[in-house]
Each structure stands twice: as structure tokens, then as C-alpha cells.
Amino acid sequence: MKKLFQLLIPAQTKKIMKILGIETSCDETAASIIEINEKEGSIKPLSNIISSQIALHSAWGGVVPNLAAREHLKNIFPVIEECLATAKATLAEIDLLAVTHGPGLIPALLIGTTAAKTLSYVWRKPLLGIHHIEGHIYSNFIHKNIQDIQFPILCLVVSGGHTQLVLMSEHLHYEIIGQTQDDAVGEAFDKVARMLGLGYPGGPIVSTLASQANPVEKKYTVQFPRPMLQRDDFDFSFSGLKTAVLYYVKKNTAALSDPTFLQHVCYEFQQAALDILIEKTMRAAKIHHPQTILLAGGVSANTELQRQLAKKIAADLPETNFFFPALDFQLDNAGMIATAAFFRHQKEQHPEKLLSTWKDMETKANLKLETIL
Ligand code: KG4
Ligand code: ZN
């Protein structure tokens with residue numbers, strides 16, 4: 001906490017910090033430089049390079065870990081070089097390196113952490129390992145001023161691997177008050193897309209088709225279940241919804257060639273998933289009274305989720321602020337890793353020790369989100 005108050009110290013002692021982030025936990029090779037003006041409290045991206053492997057993995061219907069690692073290895077240094085060049089940043093200007101060290105696919109993560117450790121050693125720069133979900137949460141601060149987002153925060157984390165409600169009473173303090181008992185919501189979008197033969201990743205395709213549906217047209221009618229809504233906890237479940245879609249599609253295979261059918265299934269599935277997410281978030285907000293509600297993770301790119309949650313918050317909790325990440329920082333990116341590293345660095349009691357992180361930083365597939373008090 002003490003370090004965060006340094007944001008309030010006199011102007012002449014303030015500085016501009018540049019952090020180089022690296023992210024390779026899944027199928028994006030990403031590097032980004034974030035500039036934090038400690039006087040103004042502004043957080044600004046100078047570059048945000050993302051090399052996507054979607055074309056490679058879509059042939060397999062999902063991410064193949066060893067193929068992902070091979071691509072990361074090929075791309076990691078060109079991506080970092082492009083990141084430095086785009087930011088017009090010299091090596092000397094980089095104050096801190098940050099890398100995702102979990103959770104994720106081990107072969108993929110190892111390329112990023114090995115590259116970051118090597119750069120830390122060779123360049124003699126401090127290095128911080130960051131949790132991928134911590135990065136997603138902190139993506140909300142990019143393009144904002146630190147003071148714009150007030151605590152306590154309730155964050156709905158929705159990605160391909162996570163669906164959680166996280167309560168934060170202050171920076172880097174995480175209390176997971178609810179989570180999925182089975183599939184993550186992004187995974188459910190991906191699986192529904194696969195059932196419908198729509199390709200990978202499913203989220204963007206399903207949401208596009210859902211937006212083309214005409215809900216008043218009654219050519220097809222179905223209502224999918226909203227599991228867990230009757231329970232008054234903040235946990236989620238998406239496997240029952242996914243199975244209900246599967247049975248409906250199996251009963252109607254002849255209709256798969258009809259675009260109206262595809263739009264209708266996508267619309268009904270998406271609305272069921274959003275109803276669950278929004279209802280649980282609102283319930284948690286009404287009990288925990290956050291000052292701010294945030295969205296984080298790849299599914300935060302879903303414009304209907306953004307719109308419907310914003311509408312509900314404005315109607316039921318008008319005093320509560322609501323934010324979601326800026327467009328380029330919703331899906332996996334490295335700017336979010338650099339941004340989270342700024343806040344971790346602020347709380348670091350012995351920043352000089354970060355010069356030797358390269359020796360002992362672990363890379364973990366199931367890394368836990370760690371609270372710093
Ligand atoms: O955070 P992310 O990029 O990677 C993980 O950490 O998992 O999230 C990827 C997930 C995928 O499941 C993808 O289908 C989903 O986010 N997604 C979406 C949308 N865009 C991406 N889901 C619903 N609607 C979208 N527009
Ligand atoms: Zn992610």
C-alpha cells in the first residue's frame with residue numbers, strides 16, 4: 001500500500017516508467033510497451049504487437065500446444081523487435097520487463113518466460129512474472145488514469161479458461177467469490193461454434209451470427225436452460241447449457257445448412273450465457289456494493305455482454321461505475337501484463353531483487369492468483 005501512495009509525492013520526484021510486457025500463454029505471441037506517467041497517473045500503450053496463430057490452429061479445431069510453442073519460438077524475437085521499434089523506445093528507456101508465467105499451456109508459456117529471463121539477464125533489467133488473469137483485470141487501466149477506477153472493484157472475468165467473479169478491496173487484493181464449476185464461458189462459445197461447424201475460435205463467430213438473428217421470427221423456437229440461476233451463490237456452470245445446445249442441434253441436423261437456424265441457435269445460446277453472467281454479477285454487486293464493476297478476459301469483447309451489463313447496472317445500480325477494456329486489450333495481449341506489472345512493482349518491497357528473477361521464476365500451468373497485501 002505504501003508504494004501506491006508515492007503517486008501523491010511531489011512532481012519533481014515523479015517519473016515516467018516504461019514497461020515491456022511479453023505474453024505467450026496460448027496462441028498469441030505478444031509484446032507491448034506501456035508508459036506510466038506517475039505524475040499524471042496515466043497509463044498509455046506505446047506499442048501493442050500481437051502475432052496471432054488462429055489460422056494455424058483452426059485447421060485442428062483448437063489450440064495444439066506444441067504447434068503453438070513452435071510458432072512462439074519463431075515469432076517471439078521479431079515481435080519484441082517490432083514492439084521496441086513501434087514504441088520508438090531504446091533499450092535504455094525500458095525500466096522493467098514483465099512476462100506471463102501462468103496459467104496456460106506449458107510449452108507455450110515457456111517460450112515467453114525463457115525469452116524474458118534471457119533478456120533480463122543479458123540487458124540487466126528487472127523482471128516480474130505476472131498471472132494471466134491479473135493481466136486481464138488490469139487491462140481495464142490502459143488508456144485511463146489510475147484514479148479513474150475506484151475500489152472496491154467487482155470484476156467479472158470471462159475467458160477461454162476462466163469464469164470468475166473477483167472482488168478487489170484494493171490493488172492486487174483478490175477474493176474469488178464465485179467461479180465456474182465446469183466449462184469456462186469462452187470454452188462454451190467455442191464448443192457451440194464447433195457443433196455448428198463454424199470454426200475456431202467460436203466466440204466472435206457465434207456473436208456475429210447472434211447479432212444477425214431476428215428474434216421475432218418464429219421459424220425455429222427453443223429456449224436453452226440457464227443453469228445455476230436458482231442457486232443464490234455466485235458460481236457458474238456452462239456444461240448443461242452446452243449439452244442442451246448439442247441435443248437441439250442433433251435433433252435438427254438437416255437445418256444446419258439454413259443460415260436462419262445457425263443465427264437462431266447462436267442468438268439463443270448467447271442470450272442464455274449472458275443472462276447467467278449478468279444475473280450473477282448483479283447479485284454479487286447488490287451484496288458486496290462495489291464502487292466499480294469491471295469486465296475482463298476475451299469474452300469481454302462480446303458487445304452484447306458489454307451493452308446488456310451496462311444497461312442493467314445503469315438501471316439497478318446507477319451509482320456504480322462500469323468499465324471494460326479498450327478494444328485492442330480485450331483479447332490476449334501483452335499490454336495488460338505490463339500494466340499489472342506496474343502495480344506489482346509499486347508494492348515491491350525490494351525492487352533490486354527483481355534483477356535476479358531470471359534465476360528462480362517458475363512457469364506454471366495452474367498458477368494461482370496471488371494476493372499482495
Ligand atoms: O482471454 P482470451 O483471449 O484467451 C484466454 O485467456 O482464454 O479469451 C479467448 C476466449 C475464446 O474462448 C473466445 O471464443 C472468446 O474469448 N471470445 C468471445 C468473443 N471474442 C472472443 N466470446 C464471445 N464473444 C466474443 N465476441
Ligand atoms: Zn486470456
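Counting convention: from 1, in listed order, for ligands and their atoms alike.
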Once you restrict to heavy atoms under 4.0 Å, what part of Pro204 touches ligand 1? Side chain, backbone, both or neither.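 Both parts.
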Tell me, please, if His132 has any N/O/S atom, main chain or side chain, under 2.8 Å from the Zn ion (ligand 2)?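 Within the cut-off used here (under 2.8 Å), His132 does place an N, O or S atom near the Zn ion (ligand 2).
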May I ask you to identify the nearest protein heavy atom to [atom], giving residue, atom name and distance to one decimal place in Å?
atom: atom 17 (N) of ligand 1; value: Gly298 O, 3.7 Å
atom: atom 22 (N) of ligand 1; value: Gly203 CA, 3.3 Å
atom: atom 6 (O) of ligand 1; value: His132 NE2, 3.0 Å

Number the atoms of ligand 1 from 1 as they appear, then name those within less than 4.0 Å of a heavy atom of Ala301, with their elements.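 Listed by number with element: 20 (N), 26 (N).
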Any idea which atoms of ligand 1 are less than 4.0 Å away from a heavy-atom of Gly186?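 Numbered from 1, ligand 1 contributes 12 (O).
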Shortest heavy-atom approach to atom 12 (O) of ligand 1 - which of Asp190, Asn302, Asn333, Ile205: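 When every heavy atom of Asp190, Asn302, Asn333, Ile205 is considered, Asp190 comes closest to atom 12 (O) of ligand 1.
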Residues Lys242, Asp182: salt bridge by 4.0 Å N-O rule: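 Judged by the 4.0 Å cut-off on N to carboxylate O distance, Lys242 and Asp182 do not form a salt bridge.
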Salt-bridged, Arg344 to Glu348, with N to O below 4.0 Å?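 No, no charged N to carboxylate O under 4.0 Å.
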Check contact between [X] and ligand 1, using heavy atoms of the residue and a distance below 4.0 angstrom.
X: His136; answer: yes
X: Glu28; answer: no
X: Gly161; answer: yes

Angle subtended at the Zn ion (ligand 2) by NE2 of His136 and OD1 of Asp332, nearest 10°: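 Taking the Zn ion (ligand 2) as the apex, I get 90° for this pair.
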Ligand 1 and Gln330, any nitrogen or oxygen pair closer than 3.5 angstrom?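 No, there is no polar N/O contact under 3.5 Å.
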Considering both backbone and side-chain atoms of Gly160, is one of its nitrogen or oxygen atoms within less than 3.5 Å of a nitrogen or oxygen in ligand 1?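 Yes, there is a polar N/O contact under 3.5 Å.
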State yes or no: are the ring centers of Phe236 and His162 separated by less than 6.0 Å?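 Phe236 vs His162: aromatic centres not under 6.0 Å.
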